[in-house]
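Within every chain, numbering begins at 1; the chains are lettered A, B, ... in the order of the sequence lines, protein sequences first and strands thereafter.
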Amino acid sequence: MANIHFAKIEKKWQKRWEDEKAFEVSEKSKKPKYYVLDMFPYPSGTGLHMGHAFVFTLGDIFARFKRLQGYNVLYPIGYDSLGLPAENAAIKVGTHPKEYTANSMKNFMKQQKAMGWSYDWSRLVKTHDPEFYKWDQWIFLKMLEKGIAYRKKAPVNWCDKCLSVLANEQVVNGCCWRHEDSEVKIKHLEQWFFKITNYADELLEGLDKLDWPDRAKKMQRNWIGKSYGTEIVFKIDGKSWPIFTTRPDTLMGVTFMVVSAQHSKLMEIVTTKQKKEVESFLKKIKTTSEKDSDKLNKEGVFSGSYAEHPLTGEKVPIYVGNFVLADYGSGMVMAVPAHDQRDFEFAQKYKLPVVQVIRRENVSVKSYLMGASKINDEDLTKLNIEIIEKTEDGDRKIIIPKDKLNDYEKLIINKLDNGFWNEYLSDEIIFLFKHKNGKVERIILDKKSEEKIDKLASEFIGKKWTKSCVWKWLAENNFYTDLIIHEDFGKLINSGKFNGLESKEAKEEISKILQAKKLGKKTVNYKLRDWLISRQRYWGTPIPIIYCDKCGAVPVPEKDLPVKLPEKVKFGKGNPLETANSWKETKCPKCSGKGRRETDTMDTFVNSSWYYLRYTDPKNSKEIFDKKKANYWTPIDQYIGGPEHITMHLIYIRFYAKFLRDLGLLKFDEPALKYFTQGIVKASDGEKMSKSRGNVVEPLETIEKYGADTLRLALVSFGLPDADFNWNEKILLGSNKFLNKVYDYFSDFKSGKKDVKIDNKMNKSIELITKDIENFKHNLAVIKIRQLFDSFQNVKIDKNNAESFLKLLHVYCPYITEELYEKLGNKKLISLSEWPKVGKIDEGLLKAEESLEKTIEDINYVINLIKEKENKDVSKIFIYVMPNEVENFDSASLTKRFNKEVKVFAVNDSKKYDPEGKAKKAKPGRAGIYLE
RNA sequence: GCGGGAGUGCCGGAGCGGUCAAACGGGACAGGUUUAGGACCUGUUAGCUUAGUGCUUACGAAGGUUCGAAUCCUUUCUCCCGCACCA
């Protein structure tokens with residue numbers, strides 16, 4: 001077998017594609033448009049890695065596929081070239097980020113071209129180009145105008161290694177997203193924000209329309225975190241303090257309040273008496289709380305103040321707690337320990353009362369059977385009562401089936417000693433007291449009956465039964481707690497006039513009453529925060545603002561854009577732009593007085609939030625883009641990228657689209673209709689590929705050794721593209737082998753006759769493969785392509801089918817298919833040809849082939865068997881088939897295949913040779929056979 | 001804790017109500033070819049059985065729905081990923 005000269009072929013076709021501008025497109029086409037987009041790469045110095053090779057190959061396959069299907073496909077590429085790594089390299093190696101970036105890009109481009117990706121290079125976009133980031137600045141000014149961009153002093157996440165602040169989305173487990181070992185600190189700084197929360201609702205609702213993986217949609221929903229609830233006003237010292245809750249139905253169970261330790265108005269609540277204690281508490285949690293990724297212990301301290309319960313007017317103590325978020329809701333919560341796990345933990349720790357106000361239906365009945373020596377275990381098991389624990393003194397913890405509750409009551413009334421009691425918990429805690437005279441009293445525990453129960457209990461056992469004692473007991477024994485402490489909905493108890501209401505009704509009712517009293521209203525809350533865009537770094541888009549002592553923060557006029565990055569700055573000591581004095585000092589655009597430029601730059605996610613639009617009109621120097629062009633190409637029909645971008649990039653890009661739409665520039669709501677997330681390429685040992693582990697496989701090296709087509713084919717053959725997979729050298733070799741066979745077959749191609757069977761198989765394959773590609777099931781499509789090849793590799797097929805086959809393979813292996821397509825006599829590029837059409841499919845014929853295959857299998861099996869058992873070689877094969885199937889069995893080709901004499905008979909052929917009556921074994925679709 | 005996904009042969013992985021002992025690859029084994037190795041070709045690869053078309057177990061575990069389940073439902077175990085004190 002000849003080895004393919006990949007390098008030569010690759011070079012040849014790269015040049016042809018370039019010379020013919022094969023993949024350059026314009027909006028002046030009659031074909032329908034289709035926008036395929038890969039997330040543009042950050043050009044790092046290390047070059048393209050296998051992960052890149054994989055994603056972009058997926059994109060290229062899809063772009064080529066759509067192109068062949070007759071779409072006007074926009075498949076652009078660019079570089080997300082602003083960003084921290086370039087700057088950090090600058091610090092480390094001493095090069096300027098610009099140089100570093102230029103080198104990286106050069107390196108990238110070479111590799112990208114080698115992979116055979118069919119980009120429209122004429123639309124290349126680089127975000128570090130002032131002609132690009134000029135429009136970042138322009139959008140910023142527009143946002144400022146519309147009140148979307150604003151500046152405020154805020155507690156921000158600070159990473160000591162980045163020497164910059166981070167967006168909320170960039171904080172991972174309390175650490176920096178790029179530096180896992182760098183704890184994020186809280187600093188208070190004046191920073192620029194984008195009011196993404198204005199679009200929270202739309203960002204949430206828009207998800208329904210998108211053809212995205214469920215996982216991605218769910219993650220975004222979760223990130224936006226909309227929750228419906230009620231704002232309830234608690235009065236503290238006559239002042240109103242609203243809090244947010246999703247469970248107003250538990251309002252009557254509030255036993256204390258907790259305010260966040262980071263609350264900005266915390267000290268207004270703390271009394272002078274408690275001040276010292278609170279302060280030392282604050283100090284303590286500052287030093288301990290930070291790194292805990294596990295749930296941290298709930299801790300707190302009494303503030304000294306009390307809040308007024310909006311319904312009962314009762315005084316509720318306020319605690320300062322470490323577990324309440326300052327920036328969610330209002331930074332204070334009403335604590336309902338019976339129906340919130342965190343509140344319960346806190347209540348237990350600080351011995352605060354717990355009041356159950358929601359009762360669940362249909363939960364098992366539990367009882368603690370004290371004393372009751374006359375009741376033996378058999379009595380209980382007879383009633384199907386489960387004894388879960390027995391104490392030394394004969395007490396039993398039991399679970400009673402709901403329907404046996406009456407029987408249980410009867411049993412204990414009969415057998416309980418006079419002058420004793422039993423309590424159990426069904427929907428409520430029920431006490432059965434059996435007096436000395438035999439009278440039985442049944443009392444349900446609530447606030448009113450508490451005193452009476454207390455009295456009776458002390459009469460009976462001589463010591464006081466109090467609620468606090470029960471709670472202590474509960475805490476120690478954990479027996480009833482799961483029935484009382486729960487977060488479920490149910491019916492209200494212990495809630496005065498709301499008793500008996502369902503949670504849902506109670507929510508409405510209580511909200512209504514609060515609203516009437518002006519002490520509350522229904523409201524919504526989001527987890528989503530405004531986007532903090534200020535970064536104290538150099539290699540980003542300068543924020544176009546000039547500070548003036550007289551005029552304040554003045555936007556740079558549009559005509560003065562772009563505000564270019566100064567070249568001469570000092571790296572490594574704080575914010576580099578601070579060191580560019582001649583750049584920093586400028587005139588105030590308003591009063592022409594002394595002005596000072598904003599030295600912060602924008603988060604680089606700003607660039608990727610709209611780059612896809614610039615591709616539609618990349619060289620426009622007058623506008624951000626031509627509206628007509630942009631609206632012709634967009635929205636993106638198929639977006640492809642990593643799962644790590646779901647909560648950052650993909651939220652921001654949607655936000656930007658909505659803002660630009662509101663500016664009147666765009667006509668759509670959602671920028672990316674379909675989104676595909678690829679899996680991660682891991683090393684063959686299942687670990688991440690990394691230099692330190694020494695398990696990295698370099699795309700470029702692989703290309704040199706096996707060819708780009710081999711690499712591309714192998715990458716999609718590993719498994720489903722959206723699942724992670726491990727690198728496997730064998731699959732690479734297998735792919736290479738296959739391509740060699742294909743190359744051999746077609747490079748020496750002589751057209752055969754048209755064949756119905758091959759047509760049929762081809763048509764079926766086209767149908768299935770098209771579907772697979774459409775759904776990104778490339779591993780399956782490749783298998784079908786291989787099977788298709790297997791089916792004809794020993795015969796001559798006609799030119800039409802040959803071309804169809806090459807086109808199917810082309811999306812995966814563009815180079816050799818171009819080469820072979822040319823060898824078939826085509827002058828035009830296969831890249832710009834047409835996807836094969838599905839012709840008529842004869843399912844019957846396919847079945848007939850299947851049955852032929854099965855028969856061949858049978859024959860092979862028996863040949864082996866005879867050889868093994870009798871050590872005889874078979875020389876003649878007789879096949880018996882249904883009369884209508886005879887035509888499917890061509891004895892000549894079978895003779896050739898087995899290199900033995902083959903005779904085919906219809907089962908009803910009276911002249912057939914059949915000494916053992918094997919014809920009787922024949923069934924429709926399966927032949928009978930006899931060998932000798 | 002919450003949310004998502006997955007558990008199939010020696011391995012990677014198809015199948016997602018009957019056509020399944022399970023595509024396709026890899027590995028292993030046997031045979032052919034070859035000076036040998038490699039490469040290539042042919043076949044076998046749950047168990048039993050019969051010269052194949054038969055039976056029995058199998059699709060993490062246990063139940064259920066159905067004439068029929070790897071496929072649907074319930075419970076449970078394990079693993080992976082994302083979010084995480086969001087009131």
Side-chain angles (χ1 to χ4, degrees), chain A residues 1 172-174 213-219 221-223 225-227 229-230 243-247 250 257-258 260 289 292-298 321-325 327-336 339-343 345-346 487 525-529 643-644 646-647 679-680 714 717-720 722-726 728-731 733-735 737-738 740-741 777 779-780 782-787 790 847 850-851 854-870 872 874 897-899 916 918 920-923 925-932:
Chain A
M1 183 183 290
V172 177
N173 283 337
D214 277 346
R215 178 169 99 101
K217 292 207 231 181
K218 290 235 165 80
M219 274 171 79
R221 276 200 192 99
N222 191 263
W223 195 264
K226 183 177 189 175
S227 53
T230 305
I243 61 99
F244 175 76
T245 179
T246 53
R247 293 296 300 271
T250 64
M257 312 282 291
V258 186
S260 167
S289 74
D292 267 310
S293 59
D294 296 302
K295 256 191 185 157
L296 44 85
N297 286 327
K298 315 277 173 295
N322 64 343
F323 69 96
V324 176
L325 296 176
D327 57 355
Y328 183 79
S330 59
M332 190 181 335
V333 296
M334 64 179 215
V336 185
H339 304 295
D340 184 287
Q341 191 56 39
R342 294 156 301 176
D343 297 349
E345 278 173 45
F346 195 83
E487 300 187 357
N525 238 306
Y526 298 91
K527 286 195 224 174
L528 187 71
R529 296 296 123 77
E644 69 274 21
I646 292 169
T647 47
I680 298 165
S717 303
F718 287 115
L720 273 178
D722 55 358
D724 294 354
F725 59 85
N726 298 347
N728 183 338
E729 193 76 18
K730 286 274 162 55
I731 289 177
L733 294 171
S735 303
K737 227 192 287 184
F738 172 69
N740 271 301
K741 277 196 267 183
K777 301 204 166 179
N779 56 338
L780 303 184
V782 168
I783 286 166
K784 284 171 192 133
I785 289 176
R786 282 171 166 243
Q787 283 170 336
D790 286 348
K847 280 220 174 105
E850 240 171 73
S851 83
K854 272 190 186 155
T855 306
I856 290 171
E857 249 175 59
D858 291 345
I859 293 169
N860 268 323
Y861 184 89
V862 180
I863 290 175
N864 274 349
L865 216 59
I866 291 175
K867 176 133 201 206
E868 264 173 48
K869 287 203 167 166
E870 304 171 31
K872 269 198 278 187
V874 170
R897 171 142 187 177
F898 288 105
N899 203 13
E916 287 190 16
K918 296 287 186 189
K920 278 182 214 144
K921 290 212 171 192
K923 283 194 241 172
R926 191 113 194 191
I929 52 173
Y930 176 69
L931 315 186
E932 60 176 33

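Distance check: A/Asn525 CG to A/Thr230 OG1 gives 11.0 Å after rounding to the nearest 0.5 Å. Rounding to the nearest 0.5 Å gives a distance of 9.0 Å between CZ of A/Arg247 and CG of A/Asp340.
Here the side chain of A/Ser260 pairs a donor or acceptor atom with the backbone of A/Val324 at under 3.5 angstrom.
With hydrogens and angles left out, the side chain of A/Lys298 and the base of B/C85 share a donor-acceptor pair within 3.5 Å.
When both pairing distances are held under 3.5 Å, B/A23 makes no Watson-Crick or G-U pair with any nucleotide shown.
When the nucleotides B/A23, B/A87, B/G3 are ranked by their closest atom to the side chain of A/Lys218, B/G3 comes out on top. Candidate nucleotides B/C40, B/A87, B/G4 were compared by shortest atom distance to the side chain of A/Arg215, and B/G4 ranks first. The listed nucleotides are B/G15, B/G25, B/A87; the one nearest the side chain of A/Leu780 is B/G15. Nearest nucleotide to the side chain of A/Asn779, out of B/G13, B/G25, B/A87: B/G13.
Side-chain N/O atoms of A/Lys737 include one lying less than 4.0 angstrom from OP1 or OP2 on B/C40. Residue A/Lys741 places at least one side-chain N or O closer than 4.0 Å to OP1 or OP2 of B/C41. At B/A87, one or more side-chain N or O atoms of A/Tyr328 fall inside 4.0 Å of OP1 or OP2 (strictly under the cut-off). The side chain of A/Thr647 contributes no N or O atom lying less than 4.0 Å from OP1 or OP2 of B/G82.
Rounded to whole Å, atom C1' of B/A84 lies 12 Å from atom CE of A/Met219. Here B/A23 presents its P atom at 11 Å from CD1 of A/Ile783, a figure rounded to the nearest Å.
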Test side chain to side chain contact (heavy atoms under 4.5 Å, CB included) applied to A/Met334 and A/Val258, step by step: CA-CA 7 Å; A/Met334 64 179 215; A/Val258 186; over 6 Å; no
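Residue order along RNA chain B, read from the 5' end via each residue's closest nucleotide, puts A/Lys730 first among A/Met334 and A/Lys730.
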